[in-house]
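The first residue in the sequence is number 1, and the count goes up from there. Whatever order the structure lists ligands and atoms in, that order sets their numbers, starting from 1.
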Amino acid sequence: MSKEKAIATPNKTKQILEKYDFSFKKSLGQNFLIDVNILENIIKHAGIDQRCGVIEIGPGIGALTEQLAKAADRVLAFEIDQRLIPVLEDTLSEYSNVTIRNEDILKANIKEVIPDYFKKDQPIKVVANLPYYITTPILMKLLMERLPIQDLTVMIQKEVADRMSAKPGTKDYGSLSVAVQYFTEPQVVMNVPKSVFMPKPKVDSAVLHLKMRSTPPVHVKDETFFFDLVQACFAQRRKTIMNNLARHFQPQMNKDTIRETLLKAGIEPGRRGETLTIKEYAGLSNLFYDQIKAR
Ligand code: SAM
């Protein structure tokens with residue numbers, strides 16, 4: 001198909017929107033892509049080929065879905081907005097390898113439906129231009145559910161992409177960086193201008209590639225406890241780790257025990273949360289876990 005005929009052009013998009021008298025819902029984060037070159041780049045960074053199965057979140061009017069259908073073996077897309085279902089049936093009618101589910105991705109049982117749509121042992125990837133208002137909940141759900149996927153390539157708010165991929169000691173590093181890096185190896189692969197969306201979003205965008213780790217980079221005794229502790233250490237960014245942990249663990253633990261546990265983990269109590277590596281967080285979490293469990 002020529003690029004002019006693709007859905008992702010300003011003219012074709014306008015035509016589709018007019019035909020269906022479609023009005024954007026800001027509350028659903030509807031900013032559609034109108035640039036085929038950007039889509040081709042996303043697909044290149046996602047490493048999609050004809051063997052791949054792809055899960056897409058929020059197909060909109062099908063701009064990205066169409067390119068995925070051409071590049072991959074099959075595509076399963078979850079769209080919450082019921083008004084878009086007849087539109088997609090029309091715009092993607094040429095592609096027999098696409099299935100659209102009218103479902104909220106946050107409520108969907110993805111793991112359960114995967115065997116219905118994909119071949120056994122087929123490499124599965126997630127590719128999406130995500131609705132920005134729920135980027136983090138969507139990504140955390142996909143990661144925590146340990147889906148049988150190779151990687152995720154997602155267009156998200158640039159600021160969030162920077163936080164997810166941030167290294168210790170930087171201003172962007174926080175509990176989100178630790179959580180995402182526990183499950184994946186993240187890399188910002190593209191910065192994307194506002195001009196390639198209709199309507200234009202207020203914020204800058206970036207494409208983040210998240211390669212799933214086969215095993216976490218550190219051993220933690222209890223994941224929920226670990227994530228809670230990391231979050232607590234960043235609760236007040238300007239405060240020391242000692243103060244943040246005291247707020248979190250008192251009165252269960254007193255300040256002396258907290259200080260001793262920090263020192264036992266080799267961590268100076270005056271340090272701030274943003275200086276600790278994921279390995280240091282894991283060690284700390286395991287020691288605090290033992291302390292709490294021993295009670
Ligand atoms: N993929 C299209 C594109 O690139 O042009 C549209 C992307 S738009 C940023 C986000 C899409 O996600 C919209 O179609 C919106 O209706 C849909 N969406 C929003 N919240 C959703 C949810 N909870 N579950 C599934 N889809 C959702």
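Remark: minimum distance from atom 12 (O) of ligand 1 to any protein heavy atom is reached at G58 CA, 3.2 Å. Ranking protein heavy atoms by distance to atom 9 (C) of ligand 1, first place goes to G29 O, 3.1 Å.
The two residues A46 and V127 make their nearest non-hydrogen contact at CB-CG2, 4.0 Å. Between L276 and R272 the shortest heavy-atom distance is CD1-O, 3.8 Å.
Those atoms of ligand 1 with a heavy atom of N31 less than 4.0 angstrom away are 7 (C), 8 (S), 9 (C). If you number the atoms of ligand 1 from 1 as listed, the ones under 4.0 Å from a heavy atom of Q30 come out as 13 (C), 15 (C), 16 (O). The atoms of ligand 1 that sit less than 4.0 Å from any heavy atom of L84 are 14 (O). Atoms of ligand 1 found under 4.0 Å from any heavy atom of D104 (numbered from 1 in listed order, with element): 22 (C), 23 (N), 24 (N). Near E103, meaning under 4.0 Å from one of its heavy atoms, ligand 1 places the atoms 24 (N), 25 (C). In summary, the atoms of ligand 1 found under 4.0 Å from a heavy atom of E56, numbered by their order in the structure, are 1 (N). Using a 4.0 Å cut-off to heavy atoms of Y133, the atoms of ligand 1 that qualify are 19 (C), 20 (N).
Comparing heavy-atom distances from atom 4 (O) of ligand 1 across L68, N129, I80, I57 singles out N129 as nearest. Looking at K25, E79, E66 and measuring to atom 13 (C) of ligand 1, the nearest heavy atom belongs to E79. The closest non-hydrogen atom to atom 5 (O) of ligand 1, taken over L33, V87, I105, comes from L33.
With no hydrogens or angles considered, a side-chain donor-acceptor pair links Q122 and D73 at under 3.5 Å. Of the N and O atoms on the side chains of D90 and S93, not one donor lies less than 3.5 Å from an acceptor on the other residue.
By the criterion of a heavy-atom distance under 4.0 Å, both the backbone and the side chain of F32 are placed next to ligand 1. When heavy-atom distances to ligand 1 are checked against a 4.0 Å cut-off, L130 comes that close only through its backbone atoms N, CA, C and O.
The structure places CD of Q30 at 5.0 Å from CG of D81, a figure rounded to the nearest 0.5 Å. Taken from CG in L143 to NZ in K141, the straight-line distance is 12.0 Å, to the nearest 0.5 Å.
For residues 165-186, every residue pair satisfying the side chain to side chain donor-acceptor pair (under 3.5 Å) rule, not counting sequence neighbours, is listed here: Y182-E223.
Polar contact with ligand 1: present for G60 (N/O pair, distance under 3.5 Å).
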